[in-house]
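Here the structure is laid out as structure tokens; the discussion comes afterwards.
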2 protein chains.
Amino acid sequence: MTELPPDLARMKDCSQCPIRHRAVCARCEPDELSRLEEIKYYRTFEAGQPILWAGDRMEFVASVVSGVAALTQTMEDGRRQMVGLLLPSDFAGRPGREIAKFDVTAVTKTTLCCFRRKPFEHLLETTPHVSQRLLEMALDELDAAREWMLLLGRKTAREKIASLLAIIARRASINGDTRGGNVEIDLPLTREAMSDYLGLTLETVSRQISALKKEGVIELQGKRRVMIPDMRTLMAEAGDDEDGGALL
Amino acid sequence: MTELPPDLARMKDCSQCPIRHRAVCARCEPDELSRLEEIKYYRTFEAGQPILWAGDRMEFVASVVSGVAALTQTMEDGRRQMVGLLLPSDFAGRPGREIAKFDVTAVTKTTLCCFRRKPFEHLLETTPHVSQRLLEMALDELDAAREWMLLLGRKTAREKIASLLAIIARRASINGDTRGGNVEIDLPLTREAMSDYLGLTLETVSRQISALKKEGVIELQGKRRVMIPDMRTLMAEAGDDEDGGALL
DNA sequence: CGATGATTTGAAGCTCTTCAATAAAGGTGG
DNA sequence: CCACCTTTATTGAAGAGCTTCAAATCATCG
């Protein structure tokens, strides 16, 4: 269930943490960090492992340190929709909530920086830097959710795929910048996870990826590595009006 | 553009406000309220009027006092998706953002309690009760957005309609409780607005409403008033596993 | 090398959309 | 108050896009 990688010991010290400046702790002063350090612990989940089921009691909230996790919702008959994709520095869990509302699953091997929920909630009330940062992150997520709603409600299968590739390219491209040509990304998601994200079947996902490949919009190296010769072409296929939502 | 109803003068005093205990000011102490009163002003918009266009400079954030407003996103070719439905006490606008990211439109005649943005942002940093409440509201909206994503991505047209009716019944039914039978609601939305909400065409909305009527799941009195003989039947049609998301 | 899981591809079917026409509801001015 | 016009809603028929079911291919791992 919980295997600590050998190098986690080093990370007791928040100042060495790779997500120190983007996570919920981003704005903390040294003394606030040390209060966080008191209630934190690391957990690692293998790809495919459940982190939390909807209905479970939530003992902790957490920051994703590395890896990718998914928030999903499942209907009685098995239809499934991803409703959150958690990348490093993203926050999981809702302060003030006892019972989880969504399933959380490790998509790739994932390490979480967990905070015991009750002490964290107390901390929210006493250290404004944490609650301010959490508000900011919640509003960012809300924006992302609204873009996602446009995708789910109005985009074609092809546009959905192009949008997802663009989103992943922007957040997780191998060389950070997504401006020029030759962006390369490692898809952290299986075809099935992509279909859960996009509200499609995995067959449709596969067909549309094949179509984009055939037309030269993307190139594949293996099933999971995607090369994007021209980001602008991909963005056009995504149907977004702006240059990638880079506006503030 | 902005006509003040005759009774707005009375509402200078926040303590008389109908949304006093649910809006962003819910947790404020009297002294905090008076700080809000200094930066607030009311504006009223007629049904159909734009409140803000995406790309506009945001001069204010606001609470919806009465009426219904919609957040929408539009693609170049005109495809449109609603991404937020703002009912009384809901908050509009994002502190920290200069430029609006979504269109905001009055669906019915709507009165807003506006706060000049810059002073409001300052207030957020200095009065924890406002920022705590705003965080709570943002997290609630995020939950709602995630339910909405399941609807958009995975539900059938029929389930979408039933879900929307159930959502409106829960939040705006004429007699507050949605337990027993004979819940009655006034649809604040046109068929077109419903289609924008649901990611459908307005024809499909109309057909599915007709179908639900024919099968006795709902009854219509005029086009806009809906009677729900048995809430449980409607919930079952909505495809939700729980009894209406009443869980915390 | 066989086995398991992931992915691709094919063919048929169904849901929802599109285009078109009709009907009902609201609003306005005579 | 009613004829007229505009907006909103309903209904029909044909077609497109995505899903479903099925089978084949590829990849990975013991």
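These numbers come from the heavy atoms of this one structure, side chains and all, not from hydrogens, waters or symmetry mates. Order of the sequence lines sets the chain letters (A, B, ...), proteins ahead of strands, with each chain counted from 1. Values in this document were obtained by computation on a predicted structure and should not be read as measured data.
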*Please work out which of the three classes, parallel, tilted or perpendicular, describes the rings of B:Tyr197 and B:Trp148, given edges at 30° and 60°.*
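Geometry flag for B:Tyr197 against B:Trp148: parallel rings.
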*Among B:Arg154, B:Lys160, B:Arg158, whose side-chain contact (heavy atoms from CB on, under 4.5 Å) with B:Thr156 holds?*
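Result for side-chain contact (heavy atoms from CB on, under 4.5 Å) with B:Thr156: B:Arg158.
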_side-chain contact (heavy atoms from CB on, under 4.5 Å) for A:Arg146 and B:Glu141? Distances and angles first, verdict last._
CA-CA 11 Å; A:Arg146 285 170 170 160; B:Glu141 270 198 88; 2.6 Å; yes
Under 3.5 Å, which N/O atoms of the protein pair with N/O atoms of nucleotides 5-7 of chain C?
from  : atom 1 : to       : atom 2 : distance (Å)
C:dT7 : OP1    : A:Arg224 : NE     : 3.1
C:dT7 : OP2    : A:Arg191 : N      : 3.0

Show the nearest heavy-atom pair for residues [X] and [Y], with the distance to one decimal.
X	Y	answer
A:Ala69	A:Thr110	N-OG1, 4.3 Å
B:Gly67	B:Thr108	CA-OG1, 3.4 Å
A:Leu87	A:Val64	O-CB, 3.5 Å

*How close or far is atom P of D:dT11 from atom NZ of B:Lys213, stated in whole angstroms?*
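Checked: the NZ to P distance equals 6 Å.
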*Round to a whole Å and report the spacing from CD1 of A:Ile161 to P of C:dT8.*
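Answer to the nearest Å: 10 Å.
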*Please assess A:Lys109 against A:Thr44 for the test side-chain hydrogen bond (donor to acceptor under 3.5 Å, both in side chains), listing each intermediate value before the final yes or no.*
CA-CA 7 Å; A:Lys109 182 170 182 174; A:Thr44 295; over 6 Å; no
*Charged N to carboxylate O below 4.0 Å: is that the case for B:Glu219 and B:Lys213?*
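Looking at B:Glu219 and B:Lys213, the cut-off is not met.
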*Contact pattern, 5' to 3', of nucleotides 11-22 of chain C - B, S or - by protein heavy atom under 4.0 Å*: B----SBBB---
_Residue-level proximity of residues 79-86 of chain A to DNA chain D when a heavy atom falls under 4.0 Å_ =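 Close to the strand, none.
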*Which distance, rounded to the nearest 0.5 Å, do you find between the CG of B:Leu142 and the CG of A:Asp140?*
11.0 Å
*Quick one: are B:Glu159 and B:Gln208 in side-chain contact, heavy atoms under 4.5 Å?*
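No, every pair of side-chain atoms sits at 4.5 Å or beyond.
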